[in-house]
Amino acid sequence: MAMLHTVNKSPFEKRSLDSALSHAIDGAAILMIEDGIYGALKGTAVSAKIEKALGNLKVYVLGPDLKARGMTEDQVVDGVKVVDYAGFVDLVTEYDKVQAWL
Amino acid sequence: MAMLHTVNKSPFEKRSLDSALSHAIDGAAILMIEDGIYGALKGTAVSAKIEKALGNLKVYVLGPDLKARGMTEDQVVDGVKVVDYAGFVDLVTEYDKVQAWL
Amino acid sequence: MKLAVLVNEGPYQHQAADSALQFVKAAVAKGHEIFRVFFYHDGVNNGTRFAIPPQDDRNITVEWSKLAEEHKLDLVVCIAAAQRRGILDENEAKRQGKSGDNIAPGFRISGLGQLIEAGIQAERLVVFGD
Amino acid sequence: MKLAVLVNEGPYQHQAADSALQFVKAAVAKGHEIFRVFFYHDGVNNGTRFAIPPQDDRNITVEWSKLAEEHKLDLVVCIAAAQRRGILDENEAKRQGKSGDNIAPGFRISGLGQLIEAGIQAERLVVFGD
Amino acid sequence: MAEPWEEEEGPVKKFMYVNRKAPYGTIYALESLEVVLIAAAFDQDVSLVFMDDGVYQLKKGQDTKGIGMKNFSPTYRALEGYDIEKLYVEKESMESRGLTADDMIIPVEMLSKDELTSLMEEQDVVMSF
Amino acid sequence: MAEPWEEEEGPVKKFMYVNRKAPYGTIYALESLEVVLIAAAFDQDVSLVFMDDGVYQLKKGQDTKGIGMKNFSPTYRALEGYDIEKLYVEKESMESRGLTADDMIIPVEMLSKDELTSLMEEQDVVMSF
């Protein structure tokens, strides 16, 4: 399996989501955690980035971080999968390695 | 005098320069310090932002931060003024108030 | 699977320490081995026993200490980063002529080699930071 | 002119503390009055005397302490932020039942009201952070 | 007109607290709120602004149980009791994030970027978190 | 081919250190370098990458006297002595910042974003600062 890329910052504040997306190969995964979850939402000025990324990447978002920020699963872009911390651990073991785009 | 806006982050990493520029009135000043100095340089993908801002704003960059990062005064966009810490203090007293776009 | 975790920020200011803590709890619950948790940069501030967060808030350092005791976790604070930021154990305090130390139970201070070793020995390294 | 300074980050991890220090030095050199330097968020970590940076690097806390002594600066560490992050003076340590304190000379621990007062009394407030 | 006993307490300054960070990812939102609660005791003219990712601080329905942190969003509802009534959100920040007034935990006044910029210029002290 | 005494020391892993932050504004560049210097003693396969604002770490002519901090950029020149010879900068990061190979304090190999992405996928461990 390819790499798991984690993104923990809001795409409205920092450019790390762009860096992650442009360095992920086909079949790699992006996991949005902490303030990174704002990048996974429908109907925002950056939603199109993730919609496009879903063409060749798996995209995940951390549910507990979503809920903490008052966002629900149905606000997430279609095709983005919601995982909990146990799912985060599974992703880490399923993919070959992890790169944190801090 | 209007407000002095300080920006301390690289415009390639964070969006705080954009926020500062879009909330500065005519006659206000922008001072770029720390990693913010990268926004003051000629020939980069973001130089046009400052060139445009110079139309209605005063733009300053902190010399010691410029030199620390290996940049020289002649690499700064024409019209941007280089100040030292004493000049920073002067700007703080000349303008009515200071807003730090952290 | 054998996992290692790197924490680059102190508690409270950034969520990194919380995220790392939740991740480690979930990994342990799934039966994975945590080879080591390494604290670098401001991450060393996770290891001060002097912190007293408000009573209605979590105490991140106490949670690390408890987790370490329950699951025999190896919590390593980088010595160089700790010196810069004022995290001391008894030995370091004596060696540096400082009056007292502030390291929390379950944490130990050691060198950066422990991070590289974690990278070699563990099958995955997961990094939490700003 | 009467100036106040707010420092929101700890030393070393971010340049904020260095910038604040250089700014205060320059302001004092120009004859301005520094009404107060207030340390908030991780900024409270400027006030630990336990830090031992490498010998070829600056010691930010020692520089604050020296500056405070030379120019009678009022260096105030926010009590709530300090409790969260493990910065204690003798009183606080006793009150909280902690073994020892780590506050550096020239710093005092006080409430957030001191920041608001600085905003009221000073003619300019300059903020340094991440 | 200021009453005479108010005059005695010194000048009333216009303080604006600008919140530009999302909650929980960093502590700035929470510790900024702690400043504002203290500020309320000083009888100054206080405004709170939420712009950029700061608008997320007021999102309804926050539930932090899963991340082990305290949900401090109910405190925003208490601000009125502290006589802090000038709360503003920036329209452009809301729109680019797909948020509307209905998403907010408390009623706030929506200002355009230009209106907010003007208001900011009227202040004596701006503290940004 | 590995020599027999190298075999004894356990597996050689491919470690990549990714530097994405500018120097001095934050400590990550300096403390990342400290990791790399220690890593050199472990006989692993080490690569250093400079991308995004990390390319600024290698800018020639750094002079930190005015900010009171230590100029650590000469240490990059010492990396060769530690047998750390795989240094890469990302072409796209350089170009958007108006930098060329001539601006760099040491000779580095310039890789395109796609080449760098492939190289990153070949690694066993990626540490990013």
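Per chain, numbering begins at 1; letters A, B, ... match sequence-line order.
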Open item on the list: Here's a test for you: under side chain to side chain contact (heavy atoms under 4.5 Å, CB included), which of D/L88, D/D89, D/V76, D/V44 qualifies with D/I109?
Closed with: D/D89
Open item on the list: Can you tell me which portion of E/Y28 sits under 4.5 Å from chain D's heavy atoms? Options are side chain, backbone, both or neither.
Closed with: both
Open item on the list: Does this structure show an ion pair linking D/R108 with D/D74, if we count only N-O contacts that are shorter than 4.0 Å?
Closed with: yes
Task: Choice from D/V127, D/L6, D/D130, D/L115 maximising heavy atom contacts with chain E below 4.5 Å - done: D/L115
TODO: Please flag which part of D/R124 lies under 4.5 Å from any non-hydrogen atom of chain E: side chain, backbone, both or neither.
DONE: neither
- [ ] Compare all side-chain heavy atoms of E/R97 with those of E/D52 and state whether any distance is below 4.5 angstrom.
- [x] yes
TODO: Starting from the C-alpha separation in whole Å, work towards a yes-or-no answer on side-chain contact (heavy atoms from CB on, under 4.5 Å) for D/Q121 and D/R36.
DONE: CA-CA 10 Å; D/Q121 297 297 332; D/R36 179 169 294 148; over 6 Å; no
Open item on the list: If I measure from the heavy atoms of chain E, does D/A122 come under 4.5 Å with its side chain, its backbone, both, or neither?
Closed with: backbone
Open item on the list: Taking side chain as everything from C-beta outward and backbone as N, CA, C, O, which of these in D/L112 sits under 4.5 Å from a heavy atom of chain E? Side chain, backbone, both or neither.
Closed with: both
TODO: Please check if any side-chain donor atom of E/Q57 sits under 3.5 Å from a side-chain acceptor atom of E/Y76, or the reverse.
DONE: yes
Open item on the list: Counting heavy-atom pairs under 4.5 Å with chain D, which one of E/D124, E/V35, E/V125 comes out on top?
Closed with: E/V35
